[in-house]
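Here is the structure we will look at.
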Amino acid sequence: MTNRFFISTAISYPNGAPHLGHAYELMAADAIARFMRLDGRDVFFLTGTDEHGLKMVQTAEKEGIDVRALADRNAERFRAMGPALGATNDDFIRTTEARHYAACQEIWRRMEANGDIYLASYPGWYSVRDEAFYGEDETRLEGDKRIAITTGTPVEWVEEESYFFRLSKYQQPLLDYYAANPGFIGPETRRNEVVSFVTRGLTDLSVSRKTFTWGVPVPGAPEHVMYVWVDALTNYITACGFPDEAAPRMKYWPASLHLIGKDIVRFHTVYWPAFLMSAGLPLPERVFCHGFLTNRGEKMSKSLGNVVEPMTMAEKYGIDAFRYFLLREISFGQDGSYSHEAIVGRLNADLANDLGNLAQRSLSMVNKNCEGRVPAKGVLADEDRLLLDAAYSLVAEARAAMGDFALHTILNAIWKVVGDTNRYFAGQAPWALKKTDPTRMETVLWVTAEVLRIVGILTQPFLPLAAPKLLDLLAVPADRRSFAHADQEFALEPGVALPAPSALFPRYIETEGEGA
RNA sequence: GGCAGUGUAGCUCAGCUGGUUAGAGCGUGGCACUCAUAAUGCCAAGGUCGGUGGUUCAAGUCCACUCACUGCUACCA
C-alpha cells in the first residue's frame, strides 16, 4: 500500500495555448514520476485540463466558436504537449468528461449530506478575471468603471443566490492537520503563509453560480453550476475512479503529491482538504509549490513580448537540455530565470562537455583498445574505490534530496561525480597507460564505464532520451536499469560486447543574430 | 502596518548546532595535455559575507537596530 505513488500536476485552464509555466510543471512532475518508478514505486501520474467557467465562455464568444469546440481544440494542445516533452503521464483528465461530472456531483452530495452546503444570497462585486467576489470596500471607482483594489480588475455588481460551503467550520481541523503533518505544504515558506492565513479565520465559500451554465450542474438544483474550484480540485479523485470505491485506481488515493504553482496554494491546501474532510475522504499527503519562471528576471507577458513558447524551446534545444536546464538551474520551489545564454551554457558545459565528452573519450578508447568490449576489471586502486563509492552513494543521496523534492540537489550531486570522473580520467591518463601498463588502462576504463552506468541510471528521470542512450552504449540490459541496479552487485561484466560509441549531446553552436 | 523570507566572489548559489588562511559551478586570465564533442586537467585573479552597534577568548554563523528586495496579509481609500 505504501508502495503506490500518485502525483498530479495542476490541471491547466485551456483558454489559451500552453506556456512555459505549464511545461515546467509538467516536466518537473514527470521527473518525479520517473524517479519514483525507477525506485520501484507503483506510480500513477496525472495531468489534464480544467475546462469550465466563465472565462472559457467569454474566450469562445470572442473567437466566435462554441465553448465546447474551444475546449476540445485547446485541450488537445495541452494533451499533445505531454508526449512532445517526454512526459509519461498515465492519464489526461478533462473536466468536461462524464466521469468527472459523476465525481463532482457525488462529492457535492457528500458535502451536502454532511451539512456543509447551504443556499444563500450573495450580492457583491464580482471580478470575472479573478473569479472572485469583492466587498464594496475592496473596490474603488476608476473613472466610470469600478475595479478591484488588490488586482485592478474590473468588477460588476452581481446579486445571485449561491450555494455556500461551510469553510469556517474547518478552520481548526485544518490547523490540526497542518500541525500533525508538517510536510503537508512545501516549501516551508508556503506552509507558513497558509497557516497564518487560516489562523486568521476562514469565511464560508461560495461554491455555485447561476449566471452561466458552462459547468457541472449542482445535484438537485440544475440551475446552478459548481464553482470552478469544487469542480477543478475534484479531478484528482475523478481520475482515481471516484465514486466507484472498487475502481482499480482507487488504491492511489490519497495523492502522494499535488505539484502546483505557488499561485494556487490556498485552493490546494485550504479548500481542497476542507472539501475532502467534509466528504469523509482521505487527504492528500503533500502539496508542493514550484516557483515561477521569468525571462531574465522579468515577468513573461504577452504585452512585453518576451513569452517563451515551450514547444519551440523543446525543438530548439532538445527535450533533454530543456528539461535538464529547468530542473538543474532552478532551486525547485523558488522562482527562476530563463534565458537563451543560460540554457546554452548548461547544455554545452554540463551535457556536451562534462557528461557527453566523458562518455565519448572513455568509450572511444574502449572501442579502439578493448575490442569494443567491457574492459577487464583488474585490481582496484584506492582512487578507483573512492570514485566508485561516490557513484554508488548517489542513489541514497538522490532519495534523500527527493524527500523534499530538491531536484536541483540531485542533479548537482550527480554532476559532482561526473566532474570527479573527468578529473580521475585525466589523472589516470589511460592513453599513457596504454603504452606502459595496458592492464591498468583497462581497469581505469572499466571504472569510468561503471561510473557512467550509475550516472546513466540516475539521470533517466532528467534526460529521458540521452540517459537510455548512454545505457545502450554500455549494453546495460533493459531490465537492469532501475535504482536497485545502481549498485556494485550489478556492475558491468568485462567482456560484454559494446556498440560503437556515438555522441550523446551535440554542442549548441550559435547562429547569426542569436542571443536575444 | 503586521507576519515570514532573502541579501556571501561578475553570475547562480553552498556554508549544520559560532572556532584554523570564507567554498562550488559558470564566466575571466594563464599553463598543461592531446584519449575526447576546440572537449579535459592544473593554477590564478576576484568577496571588509547589505549596513551599524553589541554578546563572546572567537561571528556570514547569536542579539538589537537599520537599509534593500520578495511573498502572504491588513488597513487606508
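Throughout, a chain's letter reflects where its sequence line sits, starting with A, and its residues are numbered from 1.
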**Nearest listed nucleotide, side chain of N422(A), among G41(B), C35(B), C72(B)** = G41(B)

**Item:** Span that lies between the C1' atom of A24(B) and that of U8(B), in whole angstrom
**Value:** 13 Å

**Fill in**
From CG of D420(A) across to C1' of G41(B) the rounded distance in Å is 13 Å

**Request:** Would you tell me if any nitrogen or oxygen in the side chain of N369(A) comes within less than 4.0 Å of OP1 or OP2 on C35(B)?
**Result:** no

**Message:** Please compare K435(A) and T189(A) by the position of their nearest nucleotide in RNA chain B and report the one closer to 5'.
**Reply:** T189(A)

**Message:** Below the 4.0 Å mark, does A38(B) have OP1 or OP2 next to a side-chain nitrogen or oxygen of R507(A)?
**Reply:** no

**Request:** Give the nucleotide from the list G41(B), C35(B), A39(B) with an atom nearest to the side chain of K368(A).
**Result:** C35(B)

**Asked** Contact class for L504(A) vs. all strands (heavy atom < 4.0 Å): base, sugar-phosphate, or nothing?
**Response** base

**Item:** Rounded distance in Å between the P positions of G15(B) and C75(B)
**Value:** 38 Å

**Request:** Determine the contact category for S196(A): base if any of its heavy atoms lies under 4.0 Å from a base atom, sugar-phosphate if only primed atoms, P, OP1 or OP2 are that close, otherwise nothing.
**Result:** nothing

**Request:** Report the nucleotide, chosen from G71(B), U40(B), A4(B), that has the shortest atom-to-atom distance to any side-chain atom of N192(A).
**Result:** A4(B)

**Item:** L465(A) CG to I319(A) CD1 distance, which is reported to the nearest 0.5 Å
**Value:** 4.0 Å

**Item:** U20(B) to C33(B) separation - P atoms, rounded to the nearest Å
**Value:** 39 Å

**Options G71(B), C33(B), U37(B), nucleotide nearest the side-chain atoms of Q360(A)** = U37(B)

**Request:** Take the protein atom CD1 of I330(A) and the nucleotide atom P of A14(B), then report the distance between them rounded to whole Å.
**Result:** 14 Å

**Request:** Please determine, for the side chain of R190(A), which listed nucleotide (C35(B), G71(B), A36(B)) has the closest atom?
**Result:** G71(B)

**Message:** Can you check the distance between A64(B) and C76(B), where both ends of the measurement are the P atom (answer in whole Å)?
**Reply:** 31 Å

**Prompt:** To the nearest Å, how far apart are R423(A) CZ and A36(B) P?
**Reply:** 21 Å

**Request:** Whole angstrom is fine here: how far is it from CD in E341(A) over to C1' in C26(B)?
**Result:** 13 Å

**Message:** Under a 3.5 Å cut-off for both contacts, is A24(B) paired Watson-Crick or G-U wobble with anything, and if yes, with which nucleotide?
**Reply:** U12(B)

**Prompt:** Which whole-number value in Å describes the distance from D354(A) CG to C26(B) P?
**Reply:** 7 Å

**Message:** From C-beta outward on A426(A), which listed nucleotide comes closest to its side chain: G41(B), U37(B), C33(B)?
**Reply:** G41(B)

**Item:** Ion pair check, R481(A) and D472(A), cut-off under 4.0 Å
**Value:** yes

**Request:** Name the pairing partner of U61(B), where a pair is Watson-Crick or G-U wobble with both distances under 3.5 Å, or state none.
**Result:** none

**Complete:** Applying the 3.5 Å cut-off to both distances, the Watson-Crick or G-U partner of G1(B) turns out to be U73(B)

**Prompt:** Base of G60(B) relative to its sugar, syn (within 90° of 0) or anti?
**Reply:** syn

**Atom P, compared across G46(B) and U52(B): separation rounded to whole Å** = 22 Å

**Item:** Rounded C1' spacing from G18(B) to U56(B) in Å
**Value:** 9 Å

**Prompt:** How far does the P atom of A14(B) sit from the matching atom of G5(B), given to the nearest Å?
**Reply:** 15 Å

**Under 3.5 Å on both distances, the Watson-Crick or G-U partner of G29(B)** = C43(B)

**Request:** Would you mind classifying the nucleic acid contact of K434(A) as base, sugar-phosphate or nothing, using non-hydrogen atoms under 4.0 angstrom?
**Result:** nothing

**Request:** Compare side-chain N and O positions of K262(A) against OP1 and OP2 of C72(B) and report whether any pair is under 4.0 Å apart.
**Result:** no

**Complete:** Side-chain contact check for N353(A): nearest option of C35(B), G41(B), A39(B) is A39(B)

**Request:** Using heavy atoms to find the nearest nucleotide of RNA chain B for L355(A) and R200(A) separately, return the residue whose nucleotide is more 5′.
**Result:** L355(A)

**Message:** Using a strict threshold of under 4.0 Å (side-chain N to carboxylate O), is an ion pair present between E188(A) and R191(A)?
**Reply:** no

**Prompt:** Touch check for G356(A), heavy atoms < 4.0 angstrom, all strands: base, sugar-phosphate only, or nothing?
**Reply:** base

**Message:** Looking at G336(A), is its backbone amide N or carbonyl O close enough to the side chain of T294(A) to form a donor-acceptor pair, meaning the two atoms are under 3.5 Å apart?
**Reply:** yes

**Separation of atom OH in Y338(A) from atom P in U12(B), rounded to whole Å** = 18 Å

**Message:** Measuring from the side chain of W431(A) (C-beta onward, heavy atoms only), which nucleotide among U34(B), C42(B), U40(B) has the closest atom?
**Reply:** U34(B)

**Any-strand Watson-Crick or G-U partner of A68(B), both distances under 3.5 Å** = U6(B)

**Message:** Taking U40(B) as the reference, what is the distance to U34(B) when you measure between their C1' atoms (whole Å, please)?
**Reply:** 9 Å

**Request:** For the pair T47(A) (side chain) and T9(A) (backbone), establish whether a donor and an acceptor sit closer than 3.5 Å, ignoring hydrogens and angles.
**Result:** no

**Asked** Considering all heavy atoms of both residues, which atom of L85(A) and which atom of A314(A) are nearest to each other, and what is their separation?
**Response** CD2-CB, 3.8 Å

**Asked** What is the base-pairing partner of G18(B), counting Watson-Crick and G-U wobble geometry with both distances under 3.5 Å?
**Response** none

**Request:** Can you see which heavy atom on D204(A) is nearest to which on S168(A), and at what distance?
**Result:** OD1-OG, 2.7 Å

**Message:** Can you measure F425(A) atom CZ to C42(B) atom C1' for me and round it to whole angstrom units?
**Reply:** 17 Å

**Request:** Would you mind reading off the distance between H268(A) atom NE2 and C72(B) atom P, rounded to a whole angstrom?
**Result:** 17 Å

**Message:** Measuring from atom SG of C289(A) to atom CZ of F405(A), what distance do you get when rounded to the nearest 0.5 angstrom?
**Reply:** 11.0 Å

